[in-house]
Number of protein chains: 2
Amino acid sequence: MTRALTRKGEATRARIVAGAAAEIRERGVDETRLEDVMARTGTSKGQLFHYFPGGKEELLLAVAQHEADQVLSDQEPMLSNLTSWPAWLAWRDRLIERYLAQGVTCPLNSLLGQASRRGPGAQAVVTGLMRRWQNAIAEGIRHMQSTGDIAPEVDADRAAAALLAGIQGGVLLLLSTGQIDHLEAALDLTIDSLRVGARTA
Amino acid sequence: MTRALTRKGEATRARIVAGAAAEIRERGVDETRLEDVMARTGTSKGQLFHYFPGGKEELLLAVAQHEADQVLSDQEPMLSNLTSWPAWLAWRDRLIERYLAQGVTCPLNSLLGQASRRGPGAQAVVTGLMRRWQNAIAEGIRHMQSTGDIAPEVDADRAAAALLAGIQGGVLLLLSTGQIDHLEAALDLTIDSLRVGARTA
DNA sequence: CGGCTTTTGGACTTGCAGGTCCATTTTTGG
DNA sequence: CCAAAAATGGACCTGCAAGTCCAAAAGCCG
């Protein structure tokens, strides 16, 4: 049931997902028609519904998954190596740089606010992304605690939750107002507050 | 050109905006049809286009404006009176309570991520909302600095930007994952960090 | 090679939601 | 009370985009 794709089929499917993702990044979800995807990827309607029998919804879900993975891997290897203050700054810089570069073109901007409405599948994708993201941050905090660079009283998960919220809000404000100030302020001030009272070891 | 609405007309127009706002809150923007608004508000298609010649887009803009104002007035009188730590906590509690109550039902969730795509009008509405919001917070910080409750070295605007980002991100995460933890953590930790090094006066 | 499955192309159907139009009723102002 | 303006109701039009269908081409495997 699941195995019925030849190598060529696999390639075509991937091309559709990538093309749809690009199209959505450029024009937004609700401005993207199946026809646009077909044109960009050089495919036909028959192919779209062959690889995504559930139609647009199923395609959108695949794109969301694809983009969610991208968001995290774009932060590597920094995100998984928050083991010193310079490493934290490097991660911070990467985030700023990346979002500044892509500007309004956020892969899942339209997904975030409407995840709950787009059905349980989309919700799961977003929730999973956020969970992995927050876990990586918390892991970094715990490592810094083990080296005495962050006070042991800090609740790593709670601090990670706050930092993640700051990032998401910063990006949201970048998307809506075009200013990156909020993202910078949130990152810098939150990270700074982690340094306070360090060096206890 | 602008004056051509009788009292009755004014009332009908307001009813349409309020009804559309409610419908959008419940079902989301792209799931809301003009017909739904008509049914809910007991109006006809003729009326809709009479009061909003620009069609759906113009109506949406009016709704956005309406909801943006609502967001701020819902935080009053706390937001304009951040003059003591208990006042800050009261404001914090109001935010939590409010967003917890409305859950997934955020009036402009779908607007935020797509403001730039919905045209300059929507962008202006969102930008204006955020600017007013951030200003009110910064005002509160400055007042606390004047009473010596917050250290004078703190950059009020920058801190307000970070706090606002935390709030927006917290709400976003509430909407996408259903958990209010992020909003709580962002509010509490950011406000706490403002208290550090206070009492200098 | 030869039958099978997968892949592909694209014409066609369909439903629907936004928008147009005009006839009718109500309100306004003198 | 009457004309003009505003408010209302609802039938109708139209375009579009998702989804269906099938027939033809290309690949796979004995």
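This one's a predicted model, so the numbers in the text were calculated from it and none came from an experiment.
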Which heavy atom in B/Trp91 sits nearest to a heavy atom in B/Leu79, and how many Å separate them?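 Scanning both residues completely, I find the closest heavy atoms to be NE1-CD1, 3.7 Å.
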Going by number, which of residues 30-38 of chain A have a non-hydrogen atom under 4.0 Å from DNA chain D?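 Per residue number, the list reads A/Arg33, A/Leu34.
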At a heavy-atom distance below 4.0 Å, what parts of residues 13-22 of chain B sit against DNA chain D?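 Per residue number, the list is empty: none.
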Can you identify which nucleotide, out of C/dT8, D/dT8, D/dG19, has its nearest atom closest to the A/Ser44 side chain?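 Looking only at side-chain atoms, A/Ser44 lies closest to C/dT8.
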With the side chain counted from C-beta on, respond yes when B/Asp157 and A/Asp181 share a heavy-atom pair under 4.5 Å apart, and no when they do not.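 Of all side-chain heavy-atom pairs linking A/Asp181 with B/Asp157, none is under 4.5 Å.
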Please say whether more than 12 non-hydrogen atoms of neighbouring residues, nucleotides or ligands are located less than 6.0 Å from [atom1] in [X].
X	atom1	answer
B/Glu76	CD	yes
A/Glu26	CD	yes
B/Glu57	CD	no

Distance check, rounded to the nearest 0.5 Å: B/Ile191 atom CD1 versus B/Trp88 atom CH2?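 The distance works out to 6.0 Å.
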Ignoring hydrogens and geometry beyond distance, is a side-chain donor-acceptor pair present between B/Gln168 and A/His182 at under 3.5 Å?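 Their side chains do not contain a donor-acceptor pair, so the 3.5 Å distance test is not met.
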Kindly say whether [Y] contributes a backbone atom to a donor-acceptor pair with the side chain of [X] at under 3.5 angstrom?
X	Y	value
A/Arg94	A/Pro77	no
B/Gln75	B/Val71	yes
A/Thr190	A/Leu187	no

Nearest nucleotide by nearest heavy atom, which residue falls closer to the 5' end of DNA chain D, B/Thr12 or A/Thr6?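 Of the two residues, B/Thr12 wins.
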Comparing B/Arg7 and B/Glu57 on DNA chain C - which has the more 5′ nearest nucleotide: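 On the 5' side of the pair lies B/Glu57.
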Below 4.0 angstrom from OP1 or OP2 of C/dT7, is there any side-chain N or O of A/Lys8?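 Answer is no, no contact under 4.0 Å.
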Let's see if you get this right: which residues in residues 45-55 of chain B place a heavy atom under 4.0 Å from DNA chain C?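 Residues of residues 45-55 of chain B under 4.0 Å from DNA chain C: B/Lys45, B/Phe49, B/Gly55.
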